[in-house]
Amino acid sequence: MNIFEQIQTQVQQAFPALFGTAVEIEKITINETLKEFSGDVTLVVFPLLKLTKKNPEESAIIIGEFLLSNNPHVESFNVIKGFLNLVLKDAFWTAFLLEEPMQIPAKNEVVLIEYSSPNTNKPIHLGHVRNNVLGYALAGIFKANGYQTSKVNLINDRGIHICKSMIAWQKFANGETPESSGMKGDKLVGKYYVAFDKQYKQEIETLIATGHTKEEAEKQAPILLAAQAMLLRWENGDAEVVDLWKMMNAWVYAGFDVTYKNLGVDFDKYYYESNTYLLGKDIVEDGLSRGVFYKKENGSVWIDLSADGLDEKLVLRADGTSVYITQDLGTADLKYQDFKMNRSIYVVGNEQDYHFKVLKLILQKLGRPYADGIQHFSYGMVDLPSGKMKSREGTVVDADDLIDDMIAAAKEQTEALGKIDDFTEEEKIALFKTIGLGALKFFLLRVDPKKRILFDPKESIDLHGYTGPFVQYTYARTRSILRKAGSITPLAKSDLAAYALLASEKELIKILYKSNIILAECCKEMNPAKLIDYTYDVAKIYNKFYNDCAILAAEKEIEKKCRLQLTTLTGNTIQRCFALVGIDVPERM
RNA sequence: GGCCGCGUAGCUCAGGGGAUAGAGCAACUGCCUUCUAAGCAGUCGGUCGCACGUUCGAUUCGUGCCGCGGUCACCA
C-alpha cells in the first residue's frame with residue numbers, strides 16, 4: 001500500500017472514533033500537496049463536513065492531530081481553508097532510496113492484445129505506426145502490471161481490397177517485381193493499389209458520360225467487376241489467382257519485416273485472415289441454424305441488431321464470399337482456442353468503433369465465453385494539415401520515409417553538438433536510430449490515444465523540450481555521472497537517519513516514489529500517454545536537481561551517496577518506463 | 001439526419017468536482033574556466049467553444065446549442 005492509500009485507509013478506520021459515524025472511502029479525497037503550499041499529502045475535508053458536523057478548520061485539525069500521533073511518517077500538518085496539508089518526515093522519503101524496486105505480483109489473468117493488423121495491399125504509413133507503437137506499449141504496460149500478456153498480429157491478407165492491387169498489377173505492371181524495379185515489396189504492391197483506384201475512377205467517369213448514373217457506374221466499372229470476379233476465383237481456390245496472391249503477399253511481407261524491425265515491434269503469434277475466414281463462414285452457418293442470423297432472398301446472410309440500437313448487419317455476401325466481420329468471427333474463436341484469454345484487446349482506429357460494437361454483440365449473441373472480455377482499444381487518427389491520410393490517393397506519410405527522416409534529423413543534431421566524435425561508426429548509427437525513433441515514438445505516445453494527432457510534415461518532430469530525446473538525454477546524464485563516480489561504498493540505512501533533504505532532492509524522491517502508482521493507473525486507464533508524461537516529469541525534475549545540487553562534488557560524503565543513489569534510481573526508472581513502451585535509451589549522447 | 005468522439009495560451013498538448021488552470025514550441029532575458037547547455041531559471045501569453053442546471057465549490061458532472069471529425073457499404 002502506498003502512502004496515499006495508507007493515510008486514506010487510516011482515516012477511514014479512525015473516523016467513527018473521531019466523529020461518531022462511518023465514512024465511505026471514496027469521500028476521503030487524498031491529493032498530492034500543491035507546490036505553493038507546504039506539505040506532501042493533502043486531505044480535502046469539504047466532502048466530510050456533513051459527517052463531521054464541524055467547520056472545515058476544526059475537522060481538519062482533528063484529523064491532523066490524529067494522524068500526527070498515530071502515523072509514524074507524519075511530521076507535522078497545517079490547515080488552510082478546507083485543506084489539511086500533511087508534512088511527512090524526511091526519513092519516510094529517504095527510506096525509499098534503499099527499498100528494493102517493488103515487484104508487482106503476477107496475476108492469473110490472460111490478456112491478449114491484437115495490434116498492427118496490416119492489409120497486404122499497401123505499405124505502412126504514419127497512422128499504422130501509431131497503431132504499432134500504441135499496441136506495443138499497451139502490451140508492455142499490461143505485462144509490467146503482472147498480466148499474462150500476449151501480442152498477436154492479424155494479417156488482412158485476403159479480400160476484395162487485396163484483389164484490387166492484384167488485378168491492377170495484372171493489367172498494368174508488365175511483370176514488374178521488387179527485383180526488377182528495385183522497389184520495396186510493400187511499396188510496389190501499394191503502387192498498384194493506387195493504380196486500381198485511378199483506373200476505377202476513370203471508368204466511372206466514362207460510364208457516367210455514356211448515360212449511367214453515378215451509382216450504377218460505381219457498381220459496374222469493369223475493373224471493379226474484374227476484382228470481384230477475382231475474389232470469387234480466389235475463394236474457389238483457382239490456382240492462377242492463388243499463385244499471384246502468394247507472390248504479391250510475399251513481396252509485401254518482405255517489406256513489412258523491414259519496417260517492423262525498424263520500429264522494434266514484435267508478436268507472439270500471427271493470424272492470417274486467409275486461414276480464419278472459412279472458420280468465420282462455419283460460424284455464420286452455425287448461427288444461421290440457431291436463428292441468430294437470417295438469410296435474405298438473394299442468399300446474403302444478416303443479423304438484426306436493431307433491438308440493441310444498431311442496424312441490420314451483413315455477415316456473408318450473396319455470392320457466398322465473406323466480408324470483414326466474417327473472418328473476425330473466425331479469428332476470435334481461434335484466438336480463444338489458442339490463448340483462453342480473459343481479455344481480448346483490439347488495437348484498432350476509432351473509425352471502426354461501430355464495427356467492434358457489432359462484433360462484440362454478435363459474439364455475445366452466439367454465446368461465446370470470451371465475448372464479454374472483448375475490448376476495442378480505439379485510438380484517434382493521425383491527420384495531416386490537409387486532412388485524412390488516404391493510401392488510395394497517395395496522400396500518406398510513409399513509415400519508412402519518416403523513420404529515415406527522423407534518424408537523419410537525429411544525426412544532424414547530434415553531430416552538430418560534437419559530443420560523440422570518439423564513437424565508432426556502428427555506435428553512431430545505433431545512437432542516431434535510438435534518438436530518431438525515440439523522438440518519433442514519444443511524439444506518437446504522448447498524446448491521449450483517444451484523440452487525433454495532427455502531424456505537419458513540414459515541421460519536423462522536435463528533439464528539444466517535451467520530447468523523447470530530452471528524456472534520453474537525462475538518462476545519458478545519469479549514466480555519465482555514475483561512470484565518473486566509479487565504485488563507492490553504497491548507501492546504508494544508518495546513513496539516512498539524520499539526513500535532511502533539500503527541496504529538489506525531495507521533489508525527485510517523490511516523483512520516483514510514484515512510478516508503480518502511475519504504472520497501475522496507465523494499465524487501468526489503458527493510457528500509455530500517462531507513462532510518457534511521467535517519464536518527462538522524472539527527467540524534468542532530475543535536471544532541476546542536477547542543476548541545484550552538486551553530486552560528485554558534494555560537500556559531505558553522505559550527500560554524495562544519497563545523490564548518487566537518486567541518480568541511479570532516476571536512470572533505472574527512465575529505462576524501465578521507456579523499455580515498456582519500446583523506446584531505447586543511450587549510455588551517451 | 002441517427003449514433004459516437006473532440007473544442008483548454010498564437011501553435012501542439014497535459015489536467016479532469018477542490019486551493020491562484022499547467023507543459024513544450026514560438027518570442028524575449030539571464031546562466032557553461034565547475035558532474036553532458038539536447039540543460040536550468042525567468043518574462044510574455046487563458047472569459048478552459050457558448051448558455052443554463054446540479055453542488056459548499058464546475059474548466060472538470062448533466063442538458064441544450066454552436067463548431068470540427070468519425071460512422072451508419074454485399075469496403076476494410
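To find a chain, count down the sequence lines: A is the first, B the second, and so on, and within it residues start at 1. Everything numeric in this text was worked out from a predicted model, so none of it was measured.
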Any base atoms under 4.0 Å from [X], or only sugar-phosphate, or nothing? Heavy atoms, all strands.
X	answer
A/E525	nothing
A/M589	base
A/C163	nothing
A/Y466	sugar-phosphate
A/V447	sugar-phosphate
A/K419	base
A/D537	nothing
A/A550	base
A/N85	base

If you check the [X] side chain, which of [options] turns out closest?
X	options	value
A/K450	B/rC6, B/rA19, B/rA76	B/rC6
A/R588	B/rA76, B/rC13, B/rU36	B/rU36
A/E36	B/rA37, B/rG18, B/rU20	B/rU20
A/N547	B/rA37, B/rG39, B/rA76	B/rG39

Where [X] and [Y] come nearest, the two heavy atoms and their spacing:
X	Y	result
A/I124	A/D186	N-OD2, 4.3 Å
A/L279	A/G330	CD2-O, 3.3 Å
A/A332	A/Y346	CB-OH, 3.9 Å

*Should the pair A/D448-A/K450 be classified as a salt bridge under the 4.0 Å nitrogen-to-oxygen rule?*
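A salt bridge links A/D448 with A/K450.
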*Taking atom C1' in both B/rU60 and B/rA14, compute the distance separating them and give it to the nearest angstrom.*
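Roughly 14 Å separates the two C1' atoms.
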Does [N] have OP1 or OP2 sitting under 4.0 Å from an N or O in the side chain of [X]?
X	N	answer
A/R477	B/rA37	yes
A/Y473	B/rA38	yes
A/R446	B/rC25	no

Tell me which nucleotide, if any, is Watson-Crick or G-U wobble paired with [N] when both distances must be under 3.5 Å.
N	answer
B/rU20	none
B/rC65	B/rG49
B/rG1	B/rC72

*Has the side chain of A/T42 got a donor or acceptor that lies under 3.5 Å from a partner of the other kind on the base of B/rA19?*
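Answer yes: a donor N or O sits under 3.5 Å from an acceptor.
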*Any donor-acceptor pair under 3.5 Å between the side chain of A/T474 and the base of B/rA38?*
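No.
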_Contact nearer the 5' end of RNA chain B, comparing A/L314 with A/N31_ =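 Upstream on the strand: A/N31.
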*Relative to the 5' end of RNA chain B, which residue comes earlier, A/D462 or A/I325, by the nucleotide with the nearest heavy atom?*
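By nearest-heavy-atom nucleotide position, the 5'-most residue is A/D462.
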*Less than 5.5 Å between centroids and less than 30° between ring planes, does A/F37 satisfy that with B/rA19?*
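Stacking between A/F37 and B/rA19: present.
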*Output yes if the stacking criterion (under 5.5 Å between centres, under 30° between planes) is met for A/F83 over the base of B/rA19, else no.*
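Answer is yes, a stack.
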*Kindly compute the distance separating CD (A/Q199) from OH (A/Y192), expressed to the nearest 0.5 Å.*
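Going from the CD atom of A/Q199 to the OH atom of A/Y192 covers 13.0 Å.
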*To the nearest 0.5 angstrom, please state how far the OG1 atom of A/T474 sits from the CD1 atom of A/I541.*
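A/T474 atom OG1 to A/I541 atom CD1 measures 11.5 Å (nearest 0.5 Å).
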_Check: A/Q327 side chain, A/Y324 main-chain N or O, donor-acceptor pair, under 3.5 Å_ =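 Present.
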Produce the list of close N/O pairs, under 3.5 Å, pairing protein atoms with atoms of nucleotides 7-11 of chain B; give distances to one decimal.
{"from": "B/rG7", "atom 1": "OP1", "to": "A/K451", "atom 2": "NZ", "distance (Å)": "3.1"}

*Measure the distance from CD on A/Q327 to C1' on B/rC75 and round it to the nearest whole Å.*
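Result: 13 Å.
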*Syn/anti label of B/rC61 as read from its glycosidic torsion, with the cut at 90° from 0*: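 You should classify B/rC61 as anti.
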*Is A/R446 close enough and on-axis enough to A/Y466, meaning under 6.0 Å and within 45°, for cation-pi?*
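Yes; both conditions hold, so A/R446 lies above the ring face of A/Y466.
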*Scan A/T567, A/T478, A/T570, A/N547 and name whichever one has a side chain to side chain donor-acceptor pair (under 3.5 Å) with A/Y542.*
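It is A/T567; the other options fail the test.
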